[in-house]
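Heads up, the thing below is written out as structure tokens.
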Amino acid sequence: MKTYEKVLLKSITTIIVLVYIIISMNLRVYASNTQNTLIDGTVVEKISNPDAREGETDGLIDGGDRETSYAWAMATRGDYVYIGTNKNIVGGIANTFVQSMVSSGIPEDTAWELVNSMTNNEIPRPETEEGGQIFKCNINTGDIEVIYTAPKDVAFRMGIEFDGDLYFCSFSSDTSADNYIYKIDENDNITIAFTSKTGTSLRAACIYEDSLLFGGVDSRQELDQGDEDCQKLAILQKDANDDTKWERIADYKDFKDYATDPAAFSNVSSPIWDMCVYDGYVWASLPNSAGIVMYKGHPAEGNEPANEYGWYWTEVIGKYNGVNNLGLADDVDGYTGDEAGLVTMAATPFTFKDGLYLMNFDNTITATATAVGGILSSLSSSNAKASDYLKPMYITLNNPQKLWKYDDASGKFVEVTGFTKYMKDNCIEYIWRTETYNNKLYLTTMDSAVLYNYTKNLKGSNFTDLTETEFSEFVNRIDNLISILQGLGVEGEQLKIIEKLLENIKSFLQEYVEVANDNDKFFKFVIENESLINQVEALGNGSNSILDMADEELKALYNRVDWTGLKMYSFISKTVENDVWGFDLLVSSDGENFELVTDNGFGDKYNYGGRSLIATDKGLYIGTANPFYGAQLWRLTDGSEQEDNKNPNDDDQNQNQNPTPDNPDKNNQNSIKDPTIAPDDLPAAGISYMIVIGAVVIGILAFLGYKYNKYKNLLKF
């Protein structure tokens, strides 16, 4: 090979290598991008494990920890955000099912294989011997470190700053376990300030007239004779001079009408759910099986009847106030029957711009556990009925979450309709936390789609035990019914309508057999046939229906199908399929009109909750609930922060745009689920690709020039 040919070959090789490097660098920019512009200049940045993407381990610490499930509580002091967490909360629930199977003789590894198959390997198996941890994040550098690790089964559910110290309350799923209030002093020394021997957590906290209050259970109380069934509800006030002295300002007798309710003893609830201060009162919400309860209290004045601690408490929401019914339901007795224990069981009060608001929670834990438990039971028992174990999920999905504002004149809580429209036709089951940042209200939600998707494991056999031969008989009997109707004189347009319905049912039954054993096909099948399923299910509920005219054999075949379960499953499946998975973050300037910041958990469907929010002068920090791959920490800025505000992980990264859809409907499928690539990246990307294309063109021209010089004498120009 001649010298100039070798030089040319080397040049072309060099160009190819450069092209590869440029492309690789460009892809790396996308892969490591953590910054996303959303609305009106609002930017969110991933602080924890910024290179970890959906389905990759996070959990706040470098390298990740899947078992750090929730950033469950936050408080801020100086240049740090402090984060309280729990350990593998969903994995722990899954383990209860596993242990139940183990007790029936199934090996533990086999039981976990079954759970993993059902949950797509998304739930980590509990392995850690540690409890929840308290982290702190430097808001200037983004560095995150662990400052405390609790004993196993202890977690941190509430955090608050008071007089330069931080206080975190603990949680335990064991109702007989000790629960604590931890104090973190200015040097990050951690001590126990209060211990209660019973109750699941001290979840509620607020500051009232320069005093720190916590609400929950105080085991020091003595129950009066006849009150042995009451929970020892209490609101505690810290002594001004001694962190270890906490005196009651309310006890179970102040809330006695509700102190025996099962929700007050629940291992996932908190007997005093949350508190805030408004109009000179402490407003305290209590969970209740029939729906939320709320009281307000202050030091007694004038003729107000004081309790033994000198405080006056009065019901605001419940059975006896005469204004706001229990659970804010239509009925004074709240949610009863099938809805009891599921709908609006808890609610959080908060204030914004001199107004008092209330946001609710449905019982998604019971809904999920009942469905999953039923599906697992159906594997070994034909007695497990889908309409029983799907009912809680069906009920909660049919009751959209709500936000209410308190009307001072009437004393009523009035629904904020500008918010409610975002809660319809999706899997949102909590409005979880709020924070005021730069005079705007931010709210987060919990979206249960990733959990409710586990119902996709259902098959046709979960709803009927009919054999293929019996399905054929079912179809034949429908043909007989048409003849029966004609013999009874049904004719004309009425007969045509009935015949069309019955033909549709025949087609449904024939396709049912074809897809019954394929989960994915059956899932799509019930969604496509939701309307027909509802019609067929209704045939068995009314009198004088077509079914009444059928022969006994057809009625028997009809009754061997769980049509109500199918109706529930088709509705659940459609809702899960159409939902944009991941929590919502909404913002409002007036508390009446809202817009979405994100509806997809910042592009990660496993971020099913925005669990904690805290405002700092460097941005609004958001801690996620992600019990699948670990909690995450994000920061939101809107351009009004200090000039030196900068993403600590962003020195070598491009900004990525992720516009929020204009359509306020959460089911808008145009939402960008992957935050790594978005339209406004194209100018920067275009420069890189222009370089690539230019290099390729130069290489081609050089090669053609070489060929031309070599063969030009052969060409007759």
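Positions are given from 1, in the same order as the sequence printed here.
Two residues are said to be in side-chain contact when any heavy atoms from C-beta on lie closer than 4.5 Å; Tyr452 and Thr368 meet this criterion. Val561 has its side chain within reach of Leu566: a pair of non-hydrogen atoms, C-beta onward, lies under 4.5 Å apart. Under the 4.5 Å side-chain criterion, counting only non-hydrogen atoms from C-beta, Leu539 is in contact with Ile505. A 4.5 Å side-chain heavy-atom check between Asn426 and Val580 finds every atom pair outside the cut-off. No side-chain heavy atom of Asn593 sits under 4.5 Å from any side-chain heavy atom of Phe419. Between Tyr406 and Tyr357, every side-chain heavy-atom pair lies at or beyond the 4.5 Å cut-off. Leu501 is listed as a side-chain neighbour of Leu532, based on a closest heavy-atom distance under 4.5 Å. Residues Arg611 and Arg433 are in side-chain contact: their nearest non-hydrogen atoms beyond the backbone lie under 4.5 Å apart.
For Glu514, there are no salt bridge (Lys or Arg N to Asp or Glu O under 4.0 Å) partners two or more places apart in sequence or in a different chain. Under the salt bridge (Lys or Arg N to Asp or Glu O under 4.0 Å) criterion, Asp551 pairs with Arg477, not counting sequence neighbours. Residues passing the salt bridge (Lys or Arg N to Asp or Glu O under 4.0 Å) test with Lys605, sequence neighbours excluded: none.
Heavy atoms only, all atoms of each residue included: Arg203 and Ser270 are closest at CB-OG, 3.2 Å. Between Asn457 and Met118, the shortest heavy-atom distance links the atoms ND2-O, 2.8 Å. Residues Gly374 and Ala384 come closest through the heavy atom pair O-CB, 3.9 Å. Heavy atoms only, all atoms of each residue included: Ala290 and Leu326 are closest at CB-CD2, 3.3 Å. What you find for Asn462 and Ser378 is that their closest heavy atoms are ND2-OG, 3.1 Å. The two residues Ala449 and Asp579 make their nearest non-hydrogen contact at CB-OD2, 3.3 Å.
Aromatic rings from Tyr394 and Tyr569 are positioned such that their centres are separated by 6.0 Å or more. Ring pair Tyr558/Trp563: centre-to-centre distance below 6.0 Å. Side-chain rings of Tyr608 and Phe583 stay apart, their centers remaining 6.0 Å or farther from each other.
Under the salt bridge (charged side-chain N to carboxylate O under 4.0 Å, His left out) criterion, the residue pairs touching residues 450-463 are Lys456-Asp520, with sequence neighbours excluded. Here salt bridge (charged side-chain N to carboxylate O under 4.0 Å, His left out) pairs that include residues 320-338, with residues two or more places apart or in two chains, are Asp338-Lys391.
Side-chain contact of Thr420 with Glu415: a donor-acceptor pair under 3.5 Å is present, judged by distance alone. A donor-acceptor contact closer than 3.5 angstrom links the side chains of Glu429 and Thr396. Defined by atom type and a distance below 3.5 Å, a donor-acceptor pair is missing between the side-chain atoms of Asp274 and Ser285. No side-chain donor-acceptor contact under 3.5 Å links Thr260 and Asp229. Under the 3.5 Å distance criterion, with hydrogens and angles disregarded, a donor-acceptor pair is assigned to the side chains of Asp407 and Ser410.
Side chain of Asn325 to main chain of Ala329: a donor-acceptor pair is present (N/O by atom type, distance under 3.5 Å, no hydrogens or angles). Using a distance-only test at 3.5 Å, with no hydrogens or angles considered, a donor-acceptor pair links the side chain of Asn116 to the main chain of Trp112. Proximity of a side-chain donor or acceptor of Ser103 to a complementary backbone N or O of Ser100 within less than 3.5 Å is detected. For the pair Asn95 (side chain) and Val98 (backbone), a donor-acceptor distance under 3.5 Å is absent. Looking at Glu537, its side chain never comes within 3.5 Å of a backbone N or O of Thr564 through a donor-acceptor pair. In this structure a side-chain-to-backbone donor-acceptor pair under 3.5 Å is present from Glu470 to Thr467. A donor-acceptor pair under 3.5 Å is formed between the side chain of Ser507 and the backbone N or O of Glu503. Judged purely by atom type and a 3.5 angstrom limit, Asp362 has no side-chain atom pairing as donor or acceptor with the backbone of Thr364. The main-chain N or O of Ile89 is found under 3.5 Å from a side-chain atom of Ser69 such that the two form a donor-acceptor pair. Side-chain N or O atoms of Thr366 include none that pairs as donor or acceptor with a backbone N or O of Asn363 at under 3.5 Å.
Note: Ser377 OG to Tyr389 OH = 8.5 Å, rounded to the nearest 0.5 Å. Interatomic distance, CG of Leu485 versus CD1 of Ile498, reported as 5.5 Å (0.5 Å rounding). The distance from atom CG of Leu390 to atom CZ of Phe463, rounded to the nearest 0.5 Å, is 6.0 Å. Note that OG of Ser448 and CG of Leu397 are 8.0 Å apart. Values are rounded to the nearest 0.5 Å.
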- Message: Test ring pair (Phe, Tyr, Trp, His ring centres under 6.0 Å) on Tyr422 and Phe594; report intermediate values, then the result.
- Response: CA-CA 9 Å; Tyr422 293 96; Phe594 289 80; 7.4 Å; no
- Task: Tell me, with the steps shown, if Arg66 and Asp58 meet salt bridge (charged side-chain N to carboxylate O under 4.0 Å, His left out).
- Result: CA-CA 6 Å; Arg66 288 183 68 183; Asp58 198 311; over 6 Å; no
- Message: Let's go through Arg560 and Asp465 carefully: what are the C-alpha distance in whole Å and the side-chain angles of both, what is the deciding distance for salt bridge (charged side-chain N to carboxylate O under 4.0 Å, His left out) to 0.1 Å, and is it a yes or a no?
- Response: CA-CA 7 Å; Arg560 284 174 60 189; Asp465 61 354; 3.2 Å; yes
- Task: For the pair Trp581 and Val576, evaluate side chain to side chain contact (heavy atoms under 4.5 Å, CB included) and give the outcome as yes or no after the intermediate values.
- Result: CA-CA 8 Å; Trp581 296 14; Val576 170; 3.7 Å; yes
- Task: Evaluate the criterion salt bridge (charged side-chain N to carboxylate O under 4.0 Å, His left out) for residue pair Lys405 and Glu592; output intermediate values, then yes/no.
- Result: CA-CA 9 Å; Lys405 184 177 182 181; Glu592 301 287 340; 3.8 Å; yes
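For NZ of Lys412, the number of neighbouring non-hydrogen atoms (other residues, nucleotides, ligands) closer than 6.0 Å is 12 at most. Counting heavy-atom neighbours within 6.0 Å of Lys521 NZ, excluding the residue itself, gives a total of 12 or less.
Each of Asn360, Val416, Val414 was checked for a side-chain contact (heavy atoms from CB on, under 4.5 Å) with Trp404, and the lone residue meeting it is Asn360. Screening Asp447, Thr624, Thr598, Asn600 against Asn607 for a side chain to side chain donor-acceptor pair (under 3.5 Å) leaves a single residue, Thr624.
Between Glu499 and Lys496 there is no salt bridge, since no side-chain N of the basic residue sits under 4.0 Å from a carboxylate O of the acidic one.
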Residues 119-126 side chain polar contacts: donor-acceptor under 3.5 Å, at least two apart:
{"residue": "Thr119", "atom": "OG1", "partner": "Val115", "partner atom": "O", "Å": "2.8"}
{"residue": "Glu122", "atom": "OE1", "partner": "Tyr454", "partner atom": "OH", "Å": "2.7"}
{"residue": "Glu122", "atom": "OE2", "partner": "Tyr606", "partner atom": "OH", "Å": "3.0"}
{"residue": "Arg125", "atom": "NH1", "partner": "Asp109", "partner atom": "OD1", "Å": "3.1"}
{"residue": "Arg125", "atom": "NH2", "partner": "Asp109", "partner atom": "OD1", "Å": "3.0"}

